[in-house]
Each structure stands twice: as C-alpha cells, then as structure tokens.
Amino acid sequence: MALVPVVVTALWAMLPAYLPNNLAVIGGGGRPIDGGRTWRGRRVLGDGKTWRGLVVGTAGGAVVALALNLLRPSVTPVVGFGVPMFPPAAVLTLPFGAMLGDAAGSFLKRRTGRDRGAPFPGVDQLDFVAGALLATAVAIPPWFLSVFTPPVLLAVVMLTPALHVGTNVLGHLLGVKNEPW
Ligand code: CTP
Ligand code: MG
C-alpha cells in the first residue's frame, strides 16, 4: 500500500479515539471516578480522571465517528480510495477504549509514584491508543483486522505521539490544559 492511503486511513480511523482526550480536558471536571479512594497509600486514579470527562470524551468521540461516516461518501472520491466506515460497535469502542486506556495510564502513574499531571513518557502518549485498539479488536475483530493492517498500525504508533504532544502543547498555550503533556 502507498504511504498516503496508509497515513490517511490511520488518522481517519483514530480520530474518534484522539478527540476524547482533548474533549475531556475542556469538558471534564467534577467528581473523580475513583471517588477519592486510595490504594497502597496513593490515589487509585487521581482527580484528573472524572466521570464527566469520561462521558464527555466518549460521547464526543462517538459524534466524531458518526460525522466521519456522513462525510465518507464525499471524501472517498477526493482521496481516491475508501476511507473506513465506522460500524456502531466501533463508534463506541474507539472513544470509550481511549478513555479507559487513559485511565489505565493514570492507574500506572499512581502505582509508580507519579502524582497527577506528572509526565510518564510513552504511557502518556500511547495509553489511549492501546485502549482504543484493544477494545475495538476485542469487540469487532474482522473490522479491526480489515482497517488496522500492519502498516496502518505502524503509522498510528509513529504519528500519535507527535500529534498528542502537539495538541497538548497547544492546549497548554491556550490555557485549557495545566501541563504541556
Ligand atoms: N479529564 C477528566 N476526566 C477524564 C480524563 C481527563 O476530567 N476521564 C480532564 C482532567 O481535568 C485532567 C485533564 O482532562 O486534568 C487532562 O487529562 P490528563 O492529562 O489525562 O490528566 P492529568 O491531570 O495529567 O492526570 P494524570 O496524571 O492522571 O494523567
Ligand atoms: Mg496528563
């Protein structure tokens, strides 16, 4: 497969998993998912993982997937190949899996002595990708395998950290995100 279709497919398929984090930054807050509970002297997840962030992020990502489905017929002739269609299960697993992966990353950060907002290079940039891909692979294996071919997966793993760092620095500069990571 040529490079452009691989990159476009990777970005298109992951957009519903990318946006939830940013939407949670803007729309999150309120009651933490762990309810303030601690485990071995540290917060289970921390104040940065809230119910509102989870709901806003998941719902927002699902809206993105539905919007991409609507745009698909007009985009396909422009790019010259078929961009992926999100089946109902993927509309949910991509954003919800991303939020779960992000929460799992926070769980790991707390277990390794990192306080809320502390950087954890690698985990910060890829936890939500791992969550989105895993949830989708488990829920709808045939669709997952048809879209996330080895070259597309490689593109996702290479492009996501750069995109993630870029949008977080932007969010920090705009004053909506505390830390630039
Ligand atoms: N957020 C939220 N609910 C979520 C995920 C994120 O409310 N489920 C919001 C929080 O305001 C959080 C911000 O988005 O502070 C940035 O998310 P992230 O960088 O993942 O959290 P951190 O505050 O850095 O905390 P952690 O160290 O646990 O990653
Ligand atoms: Mg963070």
Side-chain angles (χ1 to χ4, degrees), residues 10-11 13-68 86 88-139 148 153 155-181:
L11 295 178
M14 287 305 285
L15 209 52
Y18 287 158
L19 270 298
N21 282 290
N22 308 97
L23 295 170
V25 173
I26 297 164
R31 208 177 115 73
I33 295 171
D34 68 10
R37 277 183 286 275
T38 57
W39 188 40
R40 296 186 176 168
R42 287 191 171 269
R43 286 288 294 277
V44 177
L45 299 175
D47 284 331
K49 303 298 115 145
T50 68
W51 287 108
R52 205 163 76 212
L54 179 73
V55 171
V56 168
T58 303
V63 169
V64 169
L66 294 173
L68 291 179
F86 299 100
V91 169
L92 285 179
T93 59
L94 285 168
F96 187 58
M99 296 308 288
L100 287 187
D102 174 57
S106 293
F107 180 79
L108 278 182
K109 286 167 84 169
R110 302 301 92 84
R111 304 288 72 75
T112 53
R114 291 171 168 84
D115 288 327
R116 176 190 179 180
F120 195 169
V123 170
D124 278 329
Q125 290 77 31
L126 289 169
D127 52 9
F128 63 103
V129 173
L133 293 177
L134 259 175
T136 307
V138 168
F148 293 100
L153 278 178
V156 168
V157 171
M158 288 176 63
L159 292 174
T160 306
L163 280 173
H164 190 67
V165 170
T167 52
N168 284 346
V169 168
L170 188 68
H172 182 66
L173 292 176
L174 291 173
V176 291
K177 195 173 189 309
N178 293 333
E179 296 87 17
W181 49 77

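Ligands are counted one by one from 1 in listed order, and the atoms in each one are counted from 1 as well. These numbers come from a predicted model, not from an experiment. Side chains are part of it too, since the values below use all heavy atoms of this structure and drop only hydrogens, waters and symmetry mates. Starting from 1, each residue takes its place in the sequence as its number.
Counted within 6.0 Å of CZ on Phe96, heavy atoms from surrounding residues, nucleotides or ligands total 12 or fewer; the atom is thus considered open.
Between Lys109 and the options Asp124, Asp102, Asp115, a salt bridge (charged side-chain N to carboxylate O under 4.0 Å, His left out) holds for only Asp124.
Asn168 and His172 share no donor-acceptor pair across their side chains, judged by distance under 3.5 Å alone. For the residue pair Thr167 and Tyr18, no side-chain donor N or O sits within less than 3.5 Å of a side-chain acceptor on the partner.
An N or O contact shorter than 3.5 Å links Lys49 to ligand 1 by distance. At under 3.5 Å, not a single nitrogen or oxygen of Asp124, backbone or side chain, sits near a nitrogen or oxygen of ligand 1.
Atoms of ligand 1 lying under 4.0 Å from at least one heavy atom of Met99, given by number and element, are 4 (C), 5 (C), 8 (N). Remark: ligand 1 atoms within the under-4.0 Å shell around heavy atoms of Gly28 are 7 (O). Distances below 4.0 Å separate heavy atoms of Asp102 from the following atoms of ligand 1: 5 (C), 20 (O). Residue Leu54 has at least one heavy-atom neighbour below 4.0 Å for each of these atoms of ligand 1: 8 (N).
Legend: residues meeting salt bridge (charged side-chain N to carboxylate O under 4.0 Å, His left out) with Arg52, ordered by chain and number and at least two apart, are absent.
At a 4.0 Å heavy-atom cut-off, ligand 1 does not touch Asn21 at all.
Remark: distances from the non-hydrogen atoms of Arg114 to ligand 1 are all 4.0 Å or more. At least one heavy atom of Gly29 sits less than 4.0 Å from an atom of ligand 1. Judged by the shortest distance from any of its heavy atoms, Lys177 lies inside the 4.0 Å radius around the atoms of ligand 1.
The line from CG of Leu19 to OG1 of Thr58 is 12.5 Å long, rounded to the nearest 0.5 Å. Between atom CE of residue Met14 and atom CG of residue Leu94 there is a gap of 6.5 Å, rounded to the nearest 0.5 Å.
Nearest to atom 2 (C) of ligand 1 by heavy atom, out of Gly46, Gly30, Gly48, is Gly48. The residue from Arg43, Lys109, Arg52, Arg110 that puts a heavy atom closest to atom 29 (O) of ligand 1 is Lys109.
Within the cation-pi definition used here (under 6.0 Å to the ring centroid, within 45° of the axis), Arg111 qualifies as a partner of Phe107.
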